[in-house]
Amino acid sequence: MADTALTAPLRSPLAHAAGRLAAATRTSGGAVRLAELPFLTQVNVRLDPKGAAADAVGLALGLPLPVEPDTVVRAGELTALWLGPDEWLVVGPPGGQRELEGRIREAAGEEPVSVIDVSAQRTTLLVAGPRAHDLLAHGCSLDLHPRVFGPGRCAQTTLGRTQVVLVARDDPGAGFWVLVRSSFAGYLTDWLLDAAVEWTG
C-alpha cells in the first residue's frame, strides 16, 4: 500500500510575502516593523469559568485563564486570550498543539470542556515600531492608545475590513499581534503594506 502521508515541508500562508514585509521594515527607517510569526500553536478552550476545571486548567498551564473581558495573561511561552465569558485562545510556540491539548484535557478530568486545535486556522502578523498605532488606526476603529489598549489587552475586531484578533504585546515597544484567518492573510498583508506607504515609500 502506498504511503500517502504528507511529507512536504510546511508553508506558511504568508511565505510569499516575507520579502515584501522585510523590505517595508527596512525602508521605514525603523518607523514600523512587519513580519509573519508562522505556525504558532493556537488552542481554543471552552469551559465554565466558575467550575473546577478552570482552576485545574490554569494550574496545568501555569497561568490563570483571564476572566476580565478582552484581557491577556502571559506566563513563560504561553499566552491566554479572553474571547468570551467561557472561551479562551491559548497561544504557544510552534509544534506544541498535541502536548497543550493533552495538558488541558487531563487537567479538566471529567469536567465538561471543549479543546480544539485551531493552529491552522490563523496566522499571526507582528506589527511593531513607533508608528504601529498609527498604521493600525488607518483601518481599525478601536482606540489603540497605550492608556486604553496597552499591554495585557486583546480584542476581536476588524482591521482593513478583515476580522482579526488584536493583541497588545508585553510593552508598547513590542507592538501588536494580529491574528488573522489564513484565507485573509494575503489580503490583510497587502492592506498593511499599502497603509504603511507613508513611512516606507
- Find the distance between CG (Leu34) and OG1 (Thr189) and round it off to the nearest 0.5 Å. 8.5 Å
- Message: I need the minimum non-hydrogen distance between Glu36 and Pro13, along with the two atoms involved.
- Response: OE2-CD, 3.5 Å
- Task: Could you tell me which non-hydrogen atom of Pro151 sits nearest to which non-hydrogen atom of Asp170, and how far apart they are?
- Result: CB-O, 3.2 Å
- Message: Just verifying a value: how many Å separate Leu142 CG and Gln156 CD, rounded to the nearest 0.5 Å?
- Response: 11.5 Å
- Query: Is it the case that more than 12 heavy atoms not belonging to Gln121 sit under 6.0 Å from its CD atom?
  - Reply: yes
- Work out which heavy atom in Ala120 is nearest to a heavy atom in Ser182; give both atom names and the distance. O-OG, 3.3 Å
- Item | CD (Gln163) with more than 12 external heavy atoms under 6.0 Å | no
- Task: Classify the ring geometry between Phe176 and Phe149 as parallel (under 30°), tilted (30 to 60°) or perpendicular (over 60°).
- Result: parallel
- In this structure, are over 12 heavy atoms from other groups packed under 6.0 Å from Arg33 atom CZ? no
- Distance (rounded to the nearest 0.5 Å) between Asp55 CG and Leu47 CG: 10.0 Å
- Query: Do side-chain atoms of Ser12 reach the backbone of Ala15 as a donor and acceptor pair under 3.5 angstrom?
  - Reply: yes
- Query: Between Trp177 (side chain) and Arg169 (backbone), is there a donor-acceptor pair under 3.5 Å?
  - Reply: no
- Message: If I take atom CH2 from residue Trp88 and atom CG from residue Leu81, how far apart are they, to the nearest 0.5 angstrom?
- Response: 12.0 Å
- Query: Quick one: does Ser119's side chain have a donor or acceptor within less than 3.5 Å of a partner on Gln42's backbone?
  - Reply: yes
- Exactly one candidate in Leu89, Val73, Leu65, Asp70 meets side-chain contact (heavy atoms from CB on, under 4.5 Å) with Trp82; the answer is Asp70
- Query: Is it true that atom CD of Glu111 has more than 12 heavy atoms of other residues, nucleotides or ligands lying nearer than 6.0 Å?
  - Reply: yes
- Note on the structure: Heavy atoms of Val32 and Ala132 approach each other most closely as CG1-N, 4.4 Å
- Message: On a heavy-atom basis, which atom in Thr123 and which in Ala185 lie closest, and how many Å separate them?
- Response: CG2-CB, 3.8 Å
- Is a side-chain N or O of Arg131 found less than 3.5 angstrom from the main chain of Ala31, in a donor-acceptor match? no
- For Arg20, which of Asp190, Thr200, Thr25 qualifies under side-chain hydrogen bond (donor to acceptor under 3.5 Å, both in side chains)? Asp190
- Note on the structure: Minimal heavy-atom distance between Ala75 and Gly62, with the atoms involved, is CB-O, 3.4 Å
